[in-house]
Protein chains: 2
Amino acid sequence: MADPSCPVCATADIICGKWTILVIRDLAEGRSRFCELERSLEGISPRTLSLRLRALEEQGIVERHTYPEVPPRVEYSLTPKGEALVPLIEDMRSYGRQWLGVDDGACATAAEPAEPVAA
Amino acid sequence: MADPSCPVCATADIICGKWTILVIRDLAEGRSRFCELERSLEGISPRTLSLRLRALEEQGIVERHTYPEVPPRVEYSLTPKGEALVPLIEDMRSYGRQWLGVDDGACATAAEPAEPVAA
DNA sequence: GCCAAAACTTCAGTTCGTGAAGTCTTGCGG
DNA sequence: CCGCAAGACTTCACGAACTGAAGTTTTGGC
């Protein structure tokens, strides 16, 4: 993107595409099928989901598992290189909770923020 | 993007635009002028930089300071809400170092990764 | 060889980012 | 008070990315 020798840029290149981080977030909860991802990521077009999964697979971040069954089944999961992105997603989750006033009601919040939400 | 009540989606909405995270990374090093950002983010168009800064300002993530001087000067800096994104950027930096084989030669790496780069 | 169902592709249209070029602001020097 | 230098942006035309609807491929049983 800017300087390819910058670690932040290199990582940004991977996750900057629309929906990419959310695909990884979903797969962090366990392997999933194409249509499950499509349903979870409400609003994504199948074309974009397909492009994202292919790109992530090429980058060694997700793995594709095919099952030759009656309706053919395909599942996706994170590789270790993909799992390593989970802390990043957790940071995003806590940022959203502390500063954007958004909470899906999962875990409890850790500490009082300096100037939450209102800022 | 997908579910607005999801903290990860809400945060993704903020940072998913091209260059956004890199603008914040630059401002994390201290307040900066338009042309300095333009020079640091090699390849960004002034239009995009302008759009990003405006959007981030509207979201309360950056602050704009104008100085009515001989050539008029404008500087940008992070608000607390913007500073709170720095841990996210640090995660991206260490991911880039550990898994993408990219190092701008700043700090030393912490520990040996399980399966670095090669994966 | 036809079927249902999952997993994608294809296509036309809109939105987002680029690169070059132009505009606007500021105050000083002529 | 006009023109100038220089920073900070707009504007415009073009190309790339994303969308939504519709179509295609794959699989094994009937």
Side-chain angles (χ1 to χ4, degrees), chain A residues 1-4 8-10 12-27 30-59 61-78, chain B residues 1-4 9 12-27 30-59 61-78:
Chain A
M1 187 182 286
D3 181 359
V8 182
C9 304
D13 260 351
I14 289 184
I15 62 172
C16 75
K18 200 173 173 186
W19 299 104
T20 307
I21 319 178
L22 300 179
V23 170
I24 295 167
R25 176 205 60 178
D26 274 17
L27 292 179
R31 58 163 57 193
S32 184
R33 311 173 58 165
F34 190 92
C35 64
E36 288 170 343
L37 292 168
E38 212 174 353
R39 231 169 288 133
S40 166
L41 305 168
E42 205 179 347
I44 196 175
S45 66
R47 171 180 152 81
T48 301
L49 180 53
S50 179
L51 288 174
R52 288 295 164 273
L53 289 168
R54 190 186 320 291
L56 290 171
E57 195 189 352
E58 274 167 15
Q59 291 170 120
I61 287 170
V62 316
E63 261 172 357
R64 192 170 185 272
H65 315 271
T66 63
Y67 302 87
E69 297 176 352
V70 190
R73 179 159 61 102
V74 180
E75 290 186 348
Y76 297 89
S77 65
L78 292 183
Chain B
M1 189 181 282
D3 182 1
C9 304
D13 260 351
I14 289 184
I15 62 172
C16 77
K18 201 173 173 185
W19 300 102
T20 307
I21 319 178
L22 301 178
V23 170
I24 296 168
R25 176 205 59 179
D26 274 18
L27 293 178
R31 58 163 56 191
S32 185
R33 310 172 56 163
F34 191 91
C35 65
E36 288 171 344
L37 292 169
E38 211 174 354
R39 232 170 288 132
S40 165
L41 304 169
E42 206 179 346
I44 196 175
S45 65
R47 171 181 150 80
T48 301
L49 179 53
S50 179
L51 289 174
R52 288 297 167 270
L53 288 169
R54 190 186 321 291
L56 290 171
E57 196 189 350
E58 275 167 14
Q59 292 169 120
I61 287 170
V62 316
E63 261 172 358
R64 193 171 184 270
H65 316 272
T66 63
Y67 303 87
E69 295 177 355
V70 189
R73 182 159 58 103
V74 179
E75 291 187 347
Y76 296 90
S77 66
L78 292 183

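Predicted, not measured: the structure shown is a model, and the values here were computed from it. Every chain is numbered from 1 and lettered A, B, ... according to where its sequence line falls, protein lines coming before strand lines.
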Given [options], identify the nucleotide with an atom nearest to the side chain of [X].
{"X": "A:Pro46", "options": "C:dT18, D:dG7, D:dA22", "result": "D:dA22"}
{"X": "A:Ser45", "options": "D:dG20, C:dT25, C:dT9", "result": "D:dG20"}
{"X": "B:Phe34", "options": "D:dC18, D:dA8, D:dA21", "result": "D:dA8"}
{"X": "B:Pro72", "options": "C:dT9, D:dA8, C:dT25", "result": "C:dT25"}
{"X": "B:Pro68", "options": "C:dG27, D:dA6, C:dC8", "result": "C:dG27"}

Tell me the interatomic distance from [X], atom [atom1], to [N], atom [atom2], rounded to whole angstroms.
{"X": "B:Leu49", "N": "D:dG7", "atom1": "CG", "atom2": "C1'", "answer": "13 Å"}
{"X": "B:Ile44", "N": "C:dG19", "atom1": "CD1", "atom2": "C1'", "answer": "13 Å"}
{"X": "B:Leu41", "N": "D:dA8", "atom1": "CG", "atom2": "P", "answer": "14 Å"}
{"X": "A:Leu37", "N": "C:dA7", "atom1": "CG", "atom2": "C1'", "answer": "12 Å"}
{"X": "A:Arg33", "N": "D:dT26", "atom1": "CZ", "atom2": "C1'", "answer": "14 Å"}
{"X": "A:Arg52", "N": "C:dT9", "atom1": "CZ", "atom2": "C1'", "answer": "16 Å"}
{"X": "A:Arg47", "N": "C:dC11", "atom1": "CZ", "atom2": "C1'", "answer": "10 Å"}
{"X": "B:Leu51", "N": "D:dT11", "atom1": "CG", "atom2": "C1'", "answer": "12 Å"}

Between [X] and [N], is there a contact of a side-chain N or O with OP1 or OP2 at under 4.0 Å?
{"X": "A:Thr48", "N": "D:dT19", "value": "yes"}
{"X": "A:Arg54", "N": "C:dC8", "value": "no"}
{"X": "B:Lys18", "N": "C:dT18", "value": "yes"}
{"X": "A:Arg64", "N": "C:dC8", "value": "yes"}
{"X": "A:Ser50", "N": "C:dT9", "value": "yes"}

### Side-chain donor-acceptor pair present, B:Ser40, B:Asp26, cut-off under 3.5 Å
yes
### Query
Is the side chain of B:Gln59 donor-acceptor paired with the backbone N or O of B:Ala55 at a distance under 3.5 Å, no angle test?
yes
### Query
Does B:Arg52 reach the main-chain N or O of B:Lys18 with its side chain, forming a donor-acceptor pair under 3.5 Å?
yes
### Message
Judged by each residue's nearest nucleotide on DNA chain D, which is more toward the 5′ side, A:Val70 or A:Gly43?
### Response
A:Gly43
### Query
In terms of the nearest nucleotide of DNA chain D, which residue is placed more toward the 5' end: B:Arg39 or A:Trp19?
B:Arg39
#### Entry: Nearest-0.5 Å distance, CG of residue B:Leu27 to CG of residue B:Leu56
8.0 Å
### Query
Does the side chain of B:Arg33 reach to within under 4.5 Å of the side chain of B:Val74, using non-hydrogen atoms?
no
### Message
Within the 4.0 Å heavy-atom criterion, would you say A:Tyr76 contacts the bases, only the backbone, or no part of the nucleic acid?
### Response
sugar-phosphate
### Message
So which atom in B:Arg31 and which in B:Tyr67 form the shortest heavy-atom distance, rounded to 0.1 Å?
### Response
NH1-OH, 2.6 Å
